[in-house]
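Just so you know, these numbers use all the heavy atoms, side chains as well, and skip hydrogens, waters and symmetry mates. The first residue of the sequence shown is numbered 1, and numbering continues consecutively from there.
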Amino acid sequence: MNDAVRLNFKLRTAFRVLYFIKEFKALSANDLYTELKRIDWENILPMAGYFSVTSSVQTASITDQRFANLKCKDAIVDRISESRGRRPDSGPDRNKAVVFLYWKDDYCSIFIDTTGEPLSKRGYRKIPMSAPMQETLAAAVVMSSQWKGDVPFVNPMCGSGTMAIEAALIALNKCPGLLRNNFAFMHVIGFERDNYMAIRNELKAQQTNVKVPIIVTDIDKESVDASRQNARTAGVEQFLEFHECDFRKTPLPETPGIIMLNPPYGLRLSEQKWLEGQYKQIGDFFKQSCAGYKGYIFTGNLDLAKRVGLKTKSRTIFYNSQIESRLLEYELYTGTKKIYNDE
């Protein structure tokens, strides 16, 4: 279980950490119940505790995932009741023990979800603003730039400040899981609080300091205020510099680093014309003000990205919920460089 504790603390881009229990074949819901009831749940889940069941189900055996969850819950409760004479409570909340079922065709695997609420829920984003980037996605985007806290990080159009906060956590070598005080592994039999605290304190001791500027700007005062509050909750406010300004007025450190924007995608047709101008202005800003920097744009609209007017060095595919998106990298040279339209 110590490995699960470390992983839940340290992983920046994962949603959950699963602890494998058993795999088996199930052709029907009754098969599922029978196989699950053979597991010694009385040695895994406290009889006076609480658990929930989540699942990923793709099988012709049932048409409703909730029915699979119910059969799983029934098997666990019946096993513990018959073994111990008392049954645990169960429900939809994932704030205590969590069982995860994977069922595809006739293949089943059962796990303890050691995480509970997804790792993307760091707990610091109290003010999300509109269309916020998920914390795990923001961390993945920053990590894709190979930024390690050794050069300045500049985040215009900051929104809720998620990218800048995740960048600060990386620079500090601060494990994102340290922001949480509750994980599902704390509610299963065998959890040892002393080991948990020892690992937590060990990881805290490995934190460093932020040695470079992290600049956060937005033209919207509410976004700047929200970013500041979210950063305060995450414990990184003192490492970020906040400015209320148009992205083109963002103060840039003399030492080049990384500049990263997440502009609106323009999913509504009425926004397209205005955003075409915004993306062109981002390209102009990159060319005129950001020489020597690595420029990044994260967007779910590749048609708008063409308006930037710069050739991309790389394109990394991400999924922002259901939206196929790209992290576009631009190498911003000093001096004169031929400009290409990015087709």
Side-chain angles (χ1 to χ4, degrees), residues 5-17 93-95 114-145 147-149 153-186 196-197 199-218 220-244 258 260-262 298 318 320-321:
V5 174
R6 288 182 181 278
L7 289 170
N8 275 288
F9 278 140
K10 297 181 74 171
L11 293 176
R12 298 187 186 278
T13 62
F15 280 92
R16 61 176 65 90
V17 178
D93 295 332
R94 288 190 275 178
N95 57 357
T114 69
T115 305
E117 289 293 337
L119 290 172
S120 57
K121 296 185 177 181
R122 313 276 205 238
Y124 64 72
R125 197 165 61 191
K126 304 299 184 183
I127 310 175
M129 301 306 291
S130 61
M133 179 181 280
Q134 203 167 59
E135 292 91 323
T136 44
L137 175 60
V141 168
V142 174
M143 292 169 71
S144 289
S145 73
W147 189 75
K148 296 179 176 62
F153 185 92
V154 184
N155 179 210
M157 295 184 172
C158 66
S160 304
T162 312
M163 283 201 301
I165 292 170
E166 292 296 325
L169 293 174
I170 291 170
L172 283 166
N173 193 35
K174 182 172 183 177
C175 298
L178 293 174
L179 298 170
R180 291 174 51 158
N181 292 308
N182 185 54
F183 295 92
F185 62 70
M186 303 170 77
Y196 164 80
M197 291 305 300
I199 294 171
R200 189 180 186 95
N201 291 334
E202 173 197 331
L203 295 176
K204 276 186 177 180
Q206 294 174 5
Q207 291 177 197
T208 58
N209 229 327
V210 177
K211 301 173 182 176
V212 294
I214 300 177
I215 312 294
V216 186
T217 75
D218 203 289
D220 177 45
K221 182 180 184 301
E222 288 188 13
S223 292
V224 176
D225 290 344
S227 297
R228 189 188 301 275
Q229 180 58 58
N230 292 336
R232 185 178 304 143
T233 304
V236 299
E237 180 190 9
Q238 67 270 37
F239 304 111
L240 275 59
E241 298 178 23
F242 298 90
H243 300 272
E244 180 187 338
I258 282 174
M260 185 174 285
L261 293 84
N262 177 27
F298 184 84
F318 287 91
N320 187 358
S321 187

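With Asp218 contributing its side chain and Val224 its backbone, the two residues share no donor-acceptor pair below 3.5 Å. Under a 3.5 Å cut-off, the side chain of Thr13 and the backbone N or O of Ala140 do not form any donor-acceptor pair. When atom types are taken as modelled, the side chain of Lys126 and the backbone of Gly123 share a donor-acceptor pair closer than 3.5 angstrom. A donor-acceptor contact shorter than 3.5 Å links the side chain of Asn182 to the backbone of Asn95.
If you take CG on Asn262 and CE on Met260, they are separated by 10.0 Å, rounding to the nearest 0.5 Å. Once rounded to the nearest 0.5 Å, the distance linking CD1 of Ile165 with OG of Ser227 reads 6.5 Å. With rounding to the nearest 0.5 Å, the separation of NZ in Lys174 from CG in Leu179 is 5.0 Å. Put simply, CG on Asn173 and NZ on Lys148 are 12.5 Å apart, with the number rounded to the nearest 0.5 Å. Atom CE of Met163 and atom CG of Leu261 lie 7.0 Å apart (nearest 0.5 Å). Of the inter-residue distances, the one linking Thr233 atom OG1 with Arg228 atom CZ reads 13.0 Å to the nearest 0.5 angstrom.
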| said: Could you go through Arg200 and Asn181, starting from their C-alpha distance and side-chain angles, then the distance that decides it, and tell me whether this counts as side-chain contact (heavy atoms from CB on, under 4.5 Å)? | reply: CA-CA 10 Å; Arg200 189 180 186 95; Asn181 292 308; 3.3 Å; yes
| task | Test Phe298 against Asn320 for side-chain contact (heavy atoms from CB on, under 4.5 Å), laying out the working first. | result | CA-CA 10 Å; Phe298 184 84; Asn320 187 358; 4.2 Å; yes
| Under the side-chain contact (heavy atoms from CB on, under 4.5 Å) criterion, do Arg12 and Leu169 qualify, and how do the steps go? | CA-CA 10 Å; Arg12 298 187 186 278; Leu169 293 174; 3.8 Å; yes
| field | Working for side-chain contact (heavy atoms from CB on, under 4.5 Å), residues Arg180 and Leu119 | value | CA-CA 9 Å; Arg180 291 174 51 158; Leu119 290 172; 4.0 Å; yes
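Taking the salt bridge (Lys or Arg N to Asp or Glu O under 4.0 Å) definition, one finds that Arg16 meets it with Asp113, sequence neighbours left out. Residues passing the salt bridge (Lys or Arg N to Asp or Glu O under 4.0 Å) test with Arg6, sequence neighbours excluded: Glu202. In this structure Asp220 satisfies the salt bridge (Lys or Arg N to Asp or Glu O under 4.0 Å) test with no other residue, sequence neighbours excluded.
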N/O donor-acceptor pairs under 3.5 Å from side chains in residues 203-216, not counting sequence neighbours:
unit_1, atom_1, unit_2, atom_2, d
Thr208, OG1, Ala171, O, 3.2
Thr208, OG1, Leu172, O, 3.3

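Under the side chain to side chain donor-acceptor pair (under 3.5 Å) criterion, the residue pairs touching residues 235-244 are Arg232-Glu237, with sequence neighbours excluded. For residues 155-166, the set of pairs meeting the side chain to side chain donor-acceptor pair (under 3.5 Å) definition, not counting sequence neighbours, comprises Arg122-Glu166, Tyr124-Glu166, Arg125-Thr162.
Phe15 and Thr115 make their closest contact through O-CG2, 3.9 Å (heavy atoms, listed as atom of the first residue, atom of the second, distance). Leu240 and Ala168 get closest at one heavy-atom pair: CD1-CB, 3.6 Å. Minimum heavy-atom separation, Gln134 to Ser120: CG-CB, 3.7 Å. Closest of all the heavy-atom pairs between Phe242 and Ala231 is CZ-CB, 3.9 Å.
Ring geometry, Trp147 versus Phe153: the interplanar angle falls from 30° to 60°, so the pair is classed tilted.
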